[in-house]
Amino acid sequence: MLPRTHIILGALLVILMWIINPQIHWYYLAITFIASFLIDFDHYAASVIKTGKISIPRSFEYHKNLGKAKEEERKKGIRTRGDFHLFHTVEFHALIGIIGIFFTPLFYVFIGMMFHSMLDVFSLLHRDVVYQREYFFFNWLRKRI
Ligand SMILES: [Zn+2]
């Protein structure tokens with residue numbers, strides 16, 4: 001899912017949260033909003049690692065080309081994983097969620113992340129490419145050892 005879609009839907013989420021509970025402090029809404037799209041920073045990090053370039057437009061180009069290559073593979077029946085994205089793993093969500101029990105700002109980061117990941121999974125299911133993502137950090141780690 002494109003960052004702009006996450007930004008728009010993240011804004012709608014915090015507007016809905018504010019309508020449901022106008023007592024929520026604005027910075028908690030801001031944290032939720034920012035978390036709902038900044039979780040994709042790991043996509044940028046993956047492109048920097050793969051290409052050695054820190055340019056954001058290059059990162060978008062990298063992902064556009066990767067998306068095309070993956071789509072060609074899918075059409076041929078080849079089902080491989082894409083880049084590893086640490087912030088999108090179940091373990092990272094759990095870690096932020098647990099810390100969020102004790103540290104309120106991270107609770108709102110957790111809400112933004114969960115919303116983001118839910119949208120990602122819907123998008124992956126819709127495009128029939130749910131196999132492309134590694135959802136578990138320890139799975140990824142185990143394959144590297
Ligand atoms: Zn994402």
Side-chain angles (χ1 to χ4, degrees), residues 1-20 24 26-144:
M1 186 172 275
L2 291 171
R4 67 171 165 259
T5 311
H6 278 297
I7 291 170
I8 293 165
L9 294 174
L12 290 175
L13 170 70
V14 296
I15 289 168
L16 188 68
M17 286 168 66
W18 181 72
I19 290 169
I20 292 170
I24 298 178
W26 69 267
Y27 60 73
Y28 288 146
L29 293 174
I31 287 170
T32 304
F33 173 62
I34 291 166
S36 76
F37 60 89
L38 269 195
I39 178 179
D40 271 344
F41 180 79
D42 54 12
H43 287 61
Y44 170 71
S47 75
V48 171
I49 291 166
K50 286 278 169 72
T51 66
K53 311 274 187 223
I54 60 165
S55 155
I56 291 175
R58 283 272 186 116
S59 179
F60 276 98
E61 192 182 315
Y62 167 81
H63 285 99
K64 194 174 166 187
N65 292 335
L66 183 67
K68 283 180 190 166
K70 287 283 173 198
E71 182 56 23
E72 287 305 311
E73 280 185 6
R74 192 186 71 84
K75 283 178 184 168
K76 291 175 188 162
I78 302 166
R79 295 180 158 229
T80 56
R81 292 228 198 281
D83 293 336
F84 177 67
H85 299 126
L86 176 66
F87 298 161
H88 288 69
T89 60
V90 169
E91 291 90 338
F92 193 79
H93 284 68
L95 177 69
I96 299 299
I98 290 165
I99 299 170
I101 294 168
F102 308 101
F103 183 61
T104 309
L106 281 193
F107 174 73
Y108 288 94
V109 169
F110 178 72
I111 291 174
M113 285 173 59
M114 283 301 294
F115 182 70
H116 177 107
S117 290
M118 193 184 70
L119 294 173
D120 274 358
V121 169
F122 283 143
S123 173
L124 292 168
L125 284 169
H126 180 70
R127 292 181 290 128
D128 190 28
V129 292
V130 78
Y131 58 86
Q132 285 182 357
R133 179 166 287 177
E134 175 55 73
Y135 299 90
F136 297 94
F137 170 73
F138 287 110
N139 242 357
W140 172 80
L141 190 67
R142 187 172 48 82
K143 287 174 188 165
R144 292 177 68 90

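Counting starts at 1 for both ligands and their atoms, in listed order. Below, all heavy atoms of this structure are taken into account, side chains as well, without hydrogens, waters or symmetry copies.
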| Under the side-chain contact (heavy atoms from CB on, under 4.5 Å) test, residues paired with F107 that sit two or more places apart |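 F107: side-chain contact (heavy atoms from CB on, under 4.5 Å) contacts with I111.
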
| Do any protein N, O or S atoms sit under 2.8 Å from the Zn ion (ligand 1), and which ones are they? |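 Checking every protein N, O and S atom gives D40 OD1, H88 NE2, H116 NE2, D120 OD2.
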
| said: Among Y27, Y28, F103, F115, which residue satisfies the ring-ring contact (aromatic ring centres under 6.0 Å, His included) criterion with Y108? | reply: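 Running ring-ring contact (aromatic ring centres under 6.0 Å, His included) over Y27, Y28, F103, F115 with Y108 returns exactly one hit, Y28.
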
| Taking only residues two or more places apart in sequence or in another chain, which ones pass side chain to side chain donor-acceptor pair (under 3.5 Å) with R127? |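 Expected list: S123.
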
| request: Apply side chain to side chain donor-acceptor pair (under 3.5 Å) to K76 and list each qualifying residue two or more places apart in sequence or on a separate chain. | output: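 Here no residue qualifies.
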
| field | Residues D120 and H6: side-chain donor-acceptor under 3.5 angstrom | value |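 Yes.
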
| task | Applying salt bridge (charged side-chain N to carboxylate O under 4.0 Å, His left out), run through E73 and K70 and close with a yes or a no. | result | CA-CA 5 Å; E73 280 185 6; K70 287 283 173 198; 3.6 Å; yes

